[in-house]
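Taking it in order: structure first as structure tokens, then the write-up.
Each chain gets a letter, A, B and so on, in the order the sequences are listed, and its residues count up from 1. Small disclaimer: the values here were computed from a predicted structure and weren't measured.
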Amino acid sequence: MFSGGSGGGRPIRVLNVAEKPSVAKSVAEILSRRGGGFRSREGRSRYNRVFEFDYTIRGQACHMLMTSVTGHLMELDFDERYRRWHSCDPADLYNAPVRKYVPQDKLDIKRTLEEESRSCHWLILWLDCDTEGENIAFEVLDVCAAVNNHLDVWRARFSALIDREIHQSVQNLVRPNKLLADAVDARQEIDLRIGASFTRFQTMLLKDAFVLDFLDEDRNLVLSYGPCQFPTLGFIVERYWEIQSHEPEEFWTINCSHMSDNGTAAFNWMRGRLFDYTCSVIIYEMCVEQPIATVKNVKQQQKLKYPPFPLSTVELQKRASRYFRISSERTMKVAEELYQAGFISYPRTETDSFSVNTDLHAIVQEQVAHREWGAYAQRLLDPEARLWRNPQNGGHDDKAHPPIHPTKFSSGESNWSEDHKRLYGFVVRHFLACVSQPAVGAETSVEIDIAGEQFSASGRAIISKNYLEVYHFETWGGSIIPTYDIGQQFLPTTLTLDSGVTRPPPLLSESDLLSCMDKEGIGTDATMHDHIKKLLDRCYATKDANTRFSPTNLGEALVIGYDGMGYELWKPYLRSKMESDTKEVCRLLQQMKACFLDARQNKGKLFQAMEIFFERSNRAGDTQQSLTENVCPAKCAKRWQFMVGCIRFPQCRNVVWLPGATSEATVTSNICNTCGQYLLCLHVGPVFMIQFKFRRLEIPANYEVNHLGCIGGCDSVLRDLIEICGTGSRNLSSATGRLSIACDNCGATCALRTANTANNRGRKFTPASLKNAIFSSTWEDELESAGTEGRGASHRSSRSSSANRRGGQGRRQGREAVNADVTFVTATGDPVSGRCYVCGDPSHFANAAQTDLRSK
DNA sequence: GCAAGGTC
């Protein structure tokens with residue numbers, strides 16, 4: 001499998017590249033642990049060090065160099081002459097040449113890669129296992145291959161930085177997937193072209209044409225458009241319009257309360273609200289006239305409130321906004337700093353379930369010394385307390401990072417801001433909550449009847465707070481109501497008809513906005529906050545003290561403008577469609593590649609079809625050689641040649657097959673006197689005489705080699721020869737001396753060619769004559785020689801044939817253990833072999849001898 | 001002066 005090394009015991013040099021320095025270090029630590037650790041040295045870039053250690057990959061001794069990039073190594077931009085804003089019509093940006101290049105601040109990393117890869121044999125890419133990671137893999141590959149085109153390039157696929165996973169991935173390397181990388185290239189190019197064209201267009205069109213007095217004098221205004229920022233603006237504008245268009249409507253409802261010695265209960269009308277005043281008054285008066293309430297139903301049940309799922313990035317941002325009013329952008333900045341300092345795990349993750357390998361107890365153990373939540377952590381670890389519960393699985397896994405959790409204890413660092421303290425505390429409390437029992441409450445609901453109208457009240461007593469003790473961001477309302485018995489009657493303390501007006505929904509909060517983006521696939525967990533911030537920077541929206549967003553006049557004007565044109569550029573569908581379409585192209589290409597590989601595997605079918613219409617050429621060029629080496633029908637089917645079709649063939653499938661012994665057949669211009677305008681099928685046409693030439697050895701001695709005949713049915717010579725030699729056609733059932741068996745996988749029938757050769761002329765096969773079928777492991781040579789050339793014509797060893805096949809992919813993989821070919825021995829002792837011409841698998845004839853063998 | 005996506 002692996003190549004390029006110097007072989008034997010001498011180690012080869014392997015360059016390993018990770019997506020970020022922390023991963024490079026972790027992987028180096030894991031892989032070098034058994035060999036006594038790694039050496040570390042500086043690279044050209046001060047962030048990206050190089051780690052060195054020895055390791056063995058599949059028996060090959062390797063000297064490993066492990067370094068990293070920092071995300072994308074390259075950027076995409078237009079060619080120089082299109083970069084200036086006035087250099088071209090923005091419409092030209094849809095065709096302008098673009099190029100990928102390593103920007104200035106990444107040149108140091110590029111130099112490290114170039115220098116290190118020069119001396120290496122292999123390159124192993126340890127990028128994140130997502131489409132962006134695959135794209136970065138090719139950026140690294142391009143840089144390295146430019147200085148060393150002998151590199152053998154591999155991709156390590158891993159989903160977590162844990163020992164087992166990393167060792168497994170390096171022992172099972174795969175090739176990088178260009179199609180996935182191309183999908184990202186396509187998305188990047190689309191983003192650039194539409195972003196730049198619309199941005200230049202609307203900026204140059206509008207900026208100086210209006211008095212935009214909300215701007216600072218010195219601020220250079222850009223009216224940007226982007227496929228993520230505009231839909232984000234769209235969410236804000238749409239909610240704003242919903243509020244604007246809301247028309248308050250008056251409604252009425254009846255409320256009832258009952259105060260007794262052991263508390264007060266507030267009953268709600270089970271009709272909810274009525275928008276008709278007269279109706280409400282009539283019902284209310286009925287109640288007032290007969291105000292005695294009768295208890296109809298009392299329900300008491302235990303309710304559980306579950307702790308949240310393990311923490312993903314979007315949840316972190318939403319909850320930080322909700323609980324502390326910290327903006328998503330600030331949250332990510334602070335979380336990044338906490339991560340850099342080692343206090344929390346990687347903050348950009350979609351994963352909301354812990355891997356079974358995570359030592360959750362150890363994480364809790366670290367926190368027992370904290371003065372606020374330490375005692376709770378201690379109780380969690382105490383089996384007697386019965387507080388522990390394995391975390392729920394939120395159902396998302398980005399296969400790259402675990403949920404956000406604390407990685408180091410801190411009682412607060414001196415350089416931490418309030419936000420650092422809040423976020424660290426939140427991450428810890430969230431984690432502790434995840435491994436805790438749900439809160440338990442006792443819920444009571446009471447239904448009463450007053451003059452035929454139903455009312456209900458409910459109360460809840462918390463029996464056990466459990467996770468809520470440490471997760472005090474969430475509350476679980478606990479009002480207690482008096483005890484009631486069914487049938488009990490009482491006079492309400494108050495019974496009122498109250499009016500109200502409907503209210504519009506609130507403006508979108510940051511948490512709502514993140515939810516909308518997450519739901520519609522706008523941006524990624526790592527970029528959503530950027531898009532929100534961009535709207536504020538561009539003066540498209542504002543955020544109030546309650547973290548609620550309103551569009552500015554500018555933002556609303558842009559949306560109205562495009563909406564008026566009929567373009568929903570501000571709706572989320574465009575972005576979703578781009579993402580799904582580029583992935584679809586990638587999927588389609590992958591599908592077609594699989595289809596191609598399968599078609600190549602089954603090329604015998606194409607030969608079969610071609611042979612119906614054409615004679616095989618004798619040109620055995622390289623291409624042909626390689627095409628035919630695994631396909632027996634190609635070589636052994638020379639005798640299946642002639643048929644005469646309807647003038648409408650192949651639309652009309654009516655054909656007449658000629659004797660198998662035919663070596664030449666030429667249609668003459670003479671019309672048969674007997675058959676004339678013979679009705680061959682629905683398509684009437686004249687029947688022309690045919691000049692035949694038969695192979696001497698294949699026809700009885702009393703027949704002529706040259707024969708002018710008619711296929712219309714009047715020619716007794718042709719009828720005789722077909723009777724004697726067969727036609728060679730696999731779908732003419734009247735032929736004699738032919739044998740077909742059905743593949744037990746695909747059901748296709750396959751004629752055994754031996755039946756039509758000179759040696760078998762006139763021989764009748766019967767199932768009984770094939771009872772002695774034996775299976776052997778010989779390859780197609782057997783069939784080829786049996787079919788045409790005579791045995792032993794071109795024998796290859798079964799080992800080499802087997803190796804040829806293993807190179808192919810598809811359904812035959814994993815069948816190596818099955819006898820590769822089948823040899824049937826007839827009663828006379830002659831072997832005949834066959835393999836399915838549809839699916840190509842010889843093993844599919846395994847049961848043919850008993851079940852599907854037919855003699856025609 | 002433009003996008004969105006990585007990450008430091």
Side-chain angles (χ1 to χ4, degrees), chain A residues 17-25 43 45-49 68-78 82-88 90 92-94 96 98 100 102-103 105-106 108-109 127-140 181 183-205 207-208 218-232 313 332-333 335-337 339-341 346-349 398 400-401 517 521-534 537-538 569 574-575 578-579 582:
Chain A
V17 184
E19 188 160 325
K20 39 193 165 279
S22 61
V23 171
K25 191 170 177 211
S45 148
R46 65 191 182 98
Y47 299 110
N48 307 82
R49 297 183 70 79
S68 55
V69 287
T70 47
H72 277 288
L73 182 60
M74 297 183 171
E75 277 178 16
L76 185 73
D77 209 345
F78 297 108
Y82 294 91
R83 295 226 192 139
R84 279 173 301 105
W85 277 44
H86 295 275
S87 64
C88 67
D92 295 342
L93 297 178
Y94 285 87
V98 289
K100 261 190 134 173
V102 180
D105 60 335
K106 300 282 174 80
D108 286 343
I109 298 175
L127 288 311
D128 292 356
C129 287
D130 50 28
T131 52
E132 294 295 332
E134 210 65 27
N135 188 270
I136 299 170
F138 278 86
E139 295 176 353
V140 172
V184 171
D185 275 342
R187 198 221 68 238
Q188 285 177 347
E189 194 176 323
I190 295 168
D191 284 347
L192 176 65
R193 290 188 193 281
I194 64 177
S197 60
F198 273 93
T199 300
R200 289 185 195 181
F201 158 67
Q202 62 190 28
T203 304
M204 295 191 289
L205 179 76
K207 164 175 128 162
D208 297 320
D218 54 346
R219 191 153 159 194
N220 202 355
L221 178 69
V222 174
L223 302 181
S224 66
Y225 170 85
C228 284
Q229 49 180 278
F230 245 56
T232 307
T313 303
M332 290 315 287
K333 187 168 185 299
E336 181 66 35
E337 285 165 9
Y339 162 68
Q340 289 298 326
Y346 188 71
R348 284 178 285 271
T349 176
D398 63 15
H401 308 287
M517 296 170 76
I522 302 300
T524 68
D525 49 3
T527 61
M528 284 176 179
H529 66 274
D530 277 339
H531 304 310
I532 295 176
K533 180 165 184 292
K534 189 150 274 173
D537 289 348
R538 298 276 189 239
L569 294 173
L574 179 69
R575 183 65 184 177
M578 268 161 56
E579 293 277 2
T582 48

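Closest to the side chain of A/Lys534, from the set B/dT7, B/dC2, B/dA3, is B/dA3. Taking the side chain of A/Arg200 as heavy atoms from C-beta on, and the options B/dC2, B/dT7, B/dA4, the nearest nucleotide is B/dC2. Checking B/dA4, B/dG5, B/dC2 against every side-chain atom of A/Phe78, the shortest atom distance belongs to B/dC2. Distances were taken from every side-chain heavy atom of A/Lys106 (C-beta onward) to each of B/dT7, B/dA4, B/dG6; the shortest belongs to B/dG6. In the set B/dT7, B/dA3, B/dA4, B/dA3 carries the atom at the smallest distance from any side-chain atom of A/Arg538. Among the nucleotides B/dG5, B/dA3, B/dT7, the one closest to any side-chain atom of A/Lys20 is B/dT7. The nucleotide whose nearest atom lies closest to any side-chain atom of A/Ala526 is, among B/dT7, B/dC2, B/dA3, B/dT7. If you check B/dG1, B/dG6, B/dA3 against the side chain of A/His86, the one that comes closest is B/dG1. Checking B/dT7, B/dG5, B/dG1 against the side-chain heavy atoms of A/Val222 singles out B/dG1 as nearest.
Side-chain nitrogen and oxygen atoms of A/Thr524 include at least one within less than 4.0 Å of the OP1 or OP2 phosphate oxygen of B/dG6. Between A/Tyr82 and B/dC2 there is no side-chain N or O to OP1 or OP2 distance below 4.0 Å. Side-chain N/O atoms of A/Thr203 include none lying less than 4.0 angstrom from OP1 or OP2 on B/dG1. OP1 and OP2 of B/dA4 both lie 4.0 Å or more from every side-chain N or O belonging to A/His72.
If you measure from atom NZ of A/Lys533 to atom P of B/dA3, you get 13 Å, rounded to the nearest angstrom. At whole-Å resolution of the value, NZ in A/Lys100 and C1' in B/dG6 are 11 Å apart. Remark: C1' of B/dG5 and CE of A/Met528 are 13 Å apart, rounded to the nearest angstrom. The distance between atom CD of A/Glu134 and atom P of B/dG5, rounded to the nearest whole Å, is 18 Å. Atom NZ of A/Lys207 is separated from atom C1' of B/dC2 by 12 Å (rounded to the nearest Å). Separating the CG atom of A/Asn135 from the P atom of B/dA3 is a distance of 19 Å, rounded to the nearest angstrom. The separation between A/Asp191 atom CG and B/dC2 atom P is 15 Å, rounded to whole Å. Rounding to whole angstrom units, CG of residue A/Asp108 and C1' of B/dT7 are separated by 15 Å.
Screening A/Arg200, A/Gln202, A/Arg538 for a side chain to side chain contact (heavy atoms under 4.5 Å, CB included) involving A/Tyr225 leaves a single residue, A/Gln202. Between A/Lys100 and the options A/Glu75, A/His72, A/Glu139, a side chain to side chain donor-acceptor pair (under 3.5 Å) holds for only A/Glu139.
At a threshold of 4.0 angstrom between heavy atoms, the contacts of A/Gly523 are confined to the sugar-phosphate backbone, with no base atom among them. A/Pro21 comes within contact range of the sugar-phosphate backbone alone, with a heavy-atom separation under 4.0 Å but no base atom that close.
A/Glu189 has its side chain within reach of A/Leu76: a pair of non-hydrogen atoms, C-beta onward, lies under 4.5 Å apart.
By the salt bridge (charged side-chain N to carboxylate O under 4.0 Å, His left out) test, A/Arg187 is found to be paired with A/Glu132, A/Asp191, residues two or more places apart in sequence or in another chain being considered.
Of the possible donor and acceptor atoms, none in the side chain of A/Ser197 sits under 3.5 Å from a partner among the backbone N and O of A/Pro90. Side-chain atoms of A/Asn48 never come within 3.5 Å of backbone atoms of A/Pro21 as a donor-acceptor pair (strictly under, hydrogens ignored).
For A/Ile136 and A/Leu76, each mapped to the nucleotide of DNA chain B holding its nearest heavy atom, the one lying further toward the 5' end belongs to A/Leu76. Nearer to the 5' terminus of DNA chain B, by closest-nucleotide assignment, is the contact made by A/Trp85 (compared with the other of A/Met74 and A/Trp85).
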